[in-house]
Amino acid sequence: AFHKLPLWRQVKDVVFVDEKGRFILAIIRGDYDVNEVKLKNLVHALALRHATDEEIREQLHSEPGFISPVGIKNHIAPGVRLIIVADDSLRTVVNMYGGANVLNKDALNINIDRDYTPDLEGDIALAKNEFISSLSKQILHERKGIEVGNIFQLGHHYSKKMGGATFMDDKGKEKPYYMGCYGIGIGRTLAAIVEVHHDEAGIIWPSSVTPFHVHLIGLSKESKRADLVYRSLQADGYEVLYDDRSDISAGEKFATADLLGLPVRLVVSDRTGDNIEVKLRSDQESEVLPYQKVKDILEKIYE
């Protein structure tokens, strides 16, 4: 607003420090943000943190809020390692504006190559909704997701801190292990499945991960028939969730079955007689079949 210039003409500067103590000055168009993962990969760093105001003033001899790649290496403290990393978006703009490494002072008409030379150049921009993909040239669409698993490269950070976490290389030299950690979230996996497989009534478990094969509901006043079906299903190798509650209405039992979402619901009642009512959780209609036909359906689902 002060310069009456658009944000995309600003040089945005963000200073990081990596695990080796190197300062990383990431510069990018003002309307973009820095993706720290991309930046770490480009500079081959394991970890990045934001530089403090004191570090910027005392070691880079610059001013927070007014940092600039122009001439900054001419004033840094002795022994300080500074890497200037430019996002390739800076090639799309000429005569930019930004800080001048002095409090309350800006520089105008900044141009890459003429006024500063980056040490590294590449894509360090954080992708946003409706950006154009640099590979396919298609529009990127933002969607919600769940982190089911993760992989972290730890490098030598922990092995150097632990005694004896070393090996002998092929030249007989002792070296620390290169470490990584890998995880799969069981709870997150279940949450991801439910996010994808559900309707307004509840869960719809895929047959490959269902906690039980069958949800059996007994509605008969005489429970012997339902008990017999329960024992027969177990004998045939199926895991059964048996709702034999006598103080719950049929409607409540059906609602519970929909909520829990097992792939197959079986109902034994006075109306079904010697047969069984079968309903797949993913279907709207049910049918009444003899036990052998029910078993054939289960074999197809869980083959």
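The basis for the numbers below is simple: all heavy atoms, side chains too, and nothing from hydrogens, waters or symmetry mates.
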If you measure from [atom1] on [X] to [atom2] on [Y], what distance do you get to the nearest 0.5 Å?
| X | Y | atom1 | atom2 | answer |
| --- | --- | --- | --- | --- |
| Thr166 | Met162 | OG1 | CE | 10.5 Å |
| Ile27 | Lys12 | CD1 | NZ | 13.0 Å |
| Glu147 | Arg188 | CD | CZ | 4.5 Å |
| Asn150 | Cys181 | CG | SG | 6.5 Å |

TODO: May I ask you to list the residues sharing a hydrophobic cluster with Val14, side-chain cutoff 4.5 Å, ordered by chain and number?
DONE: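 Noted: Val14 shares its cluster with Phe16, Ile24, Ile28, Tyr32, Val34, Leu39, Leu42, Val43, Leu48, Ile83, Val85, Leu120, Ile124, Phe131, Leu140.
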Taking the side chain as every heavy atom from C-beta outward, state whether [X] and [Y] have any pair of such atoms under 4.5 Å apart.
| X | Y | value |
| --- | --- | --- |
| Ile56 | His50 | no |
| Gln59 | Val17 | no |
| Arg29 | Thr92 | yes |
| Met96 | Leu90 | yes |
| Leu266 | Leu233 | yes |
| Asn95 | Arg9 | yes |
| Phe23 | Ile72 | no |
| Glu287 | Lys293 | no |

Open item on the list: If you count every heavy atom of other residues, nucleotides or ligands that lies below 6.0 Å from Glu299 atom CD, does the total exceed 12?
Closed with: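 Yes, because the 6.0 Å sphere around CD of Glu299 holds more than 12 heavy atoms from other groups.
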Open item on the list: Can you tell me if Phe167 has over 12 outside heavy atoms packed within less than 6.0 Å of its CZ?
Closed with: yes
Open item on the list: Quick check: closest heavy atoms across Glu19 and Leu46, and the distance to 0.1 Å?
Closed with: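 In this case the closest contact between Glu19 and Leu46 is OE1-N, 3.0 Å.
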- [ ] Of all the heavy-atom pairs spanning Pro211 and Glu239, show the shortest one and how long it is.
- [x] O-OE1, 3.7 Å
Task: Intermediate values then yes/no, side chain to side chain donor-acceptor pair (under 3.5 Å), His75 and Asn101 - done: CA-CA 10 Å; His75 304 289; Asn101 295 311; over 6 Å; no
Using residues 190-197 as the side-chain source, report each donor-acceptor pair under 3.5 Å to any protein atom, sequence neighbours left out, with the distance given to one decimal.
none

- [ ] Start with the C-alpha distance between Asp169 and Lys171, add both sets of side-chain angles, then the distance that settles salt bridge (Lys or Arg N to Asp or Glu O under 4.0 Å), and finish with yes or no.
- [x] CA-CA 5 Å; Asp169 67 9; Lys171 298 179 181 178; over 6 Å; no
- [ ] May I have the step-by-step check of side-chain contact (heavy atoms from CB on, under 4.5 Å) for Phe66 and Lys105, ending in yes or no?
- [x] CA-CA 7 Å; Phe66 294 88; Lys105 184 175 182 180; 5.5 Å; no
Polar side-chain atom of [X] near backbone of [Y] as donor-acceptor pair, under 3.5 Å:
| X | Y | value |
| --- | --- | --- |
| Asn111 | Asn109 | yes |
| Asp87 | Ala125 | yes |
| Lys40 | Asp18 | no |
| Asn35 | Lys38 | yes |
| Thr272 | Val268 | no |
| Asp33 | Leu126 | no |
| Thr210 | Ser207 | no |
| Asp243 | Arg245 | yes |
| Tyr97 | Ala107 | no |

Task: Residue pair Ile84, Asp119: steps toward the side-chain contact (heavy atoms from CB on, under 4.5 Å) verdict - done: CA-CA 5 Å; Ile84 300 175; Asp119 299 299; 3.8 Å; yes
Open item on the list: Applying ring-ring contact (aromatic ring centres under 6.0 Å, His included), can you list everything that pairs with Tyr242, at least two apart in sequence or on another chain?
Closed with: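 Counting only residues at least two positions away or on another chain, Tyr242 forms a ring-ring contact (aromatic ring centres under 6.0 Å, His included) with Tyr230.
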Open item on the list: Quick one, Glu63 with Arg57, criterion salt bridge (Lys or Arg N to Asp or Glu O under 4.0 Å). Give me CA distance, side-chain angles, the key distance, then yes/no.
Closed with: CA-CA 6 Å; Glu63 181 63 31; Arg57 292 190 178 103; 3.1 Å; yes
Open item on the list: For a salt bridge (Lys or Arg N to Asp or Glu O under 4.0 Å) check, start with the C-alpha distance between Arg271 and Glu277, then their side-chain angles and the critical distance, and finish with the verdict.
Closed with: CA-CA 9 Å; Arg271 186 176 67 86; Glu277 180 185 306; 2.5 Å; yes
- [ ] Check step by step if side-chain contact (heavy atoms from CB on, under 4.5 Å) holds for Ile301 and Leu280.
- [x] CA-CA 10 Å; Ile301 294 174; Leu280 302 185; 3.7 Å; yes
Open item on the list: Parallel, tilted or perpendicular: which one describes the rings of Tyr178 and His156, with boundaries at 30° and 60°?
Closed with: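 It falls in the perpendicular class, over 60°.
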Open item on the list: Could you go through Asp199 and Arg281, starting from their C-alpha distance and side-chain angles, then the distance that decides it, and tell me whether this counts as salt bridge (Lys or Arg N to Asp or Glu O under 4.0 Å)?
Closed with: CA-CA 10 Å; Asp199 61 14; Arg281 178 62 179 84; 2.8 Å; yes
Task: side-chain contact (heavy atoms from CB on, under 4.5 Å) evaluation trace for Ser68 with Val11 - done: CA-CA 8 Å; Ser68 173; Val11 179; over 6 Å; no
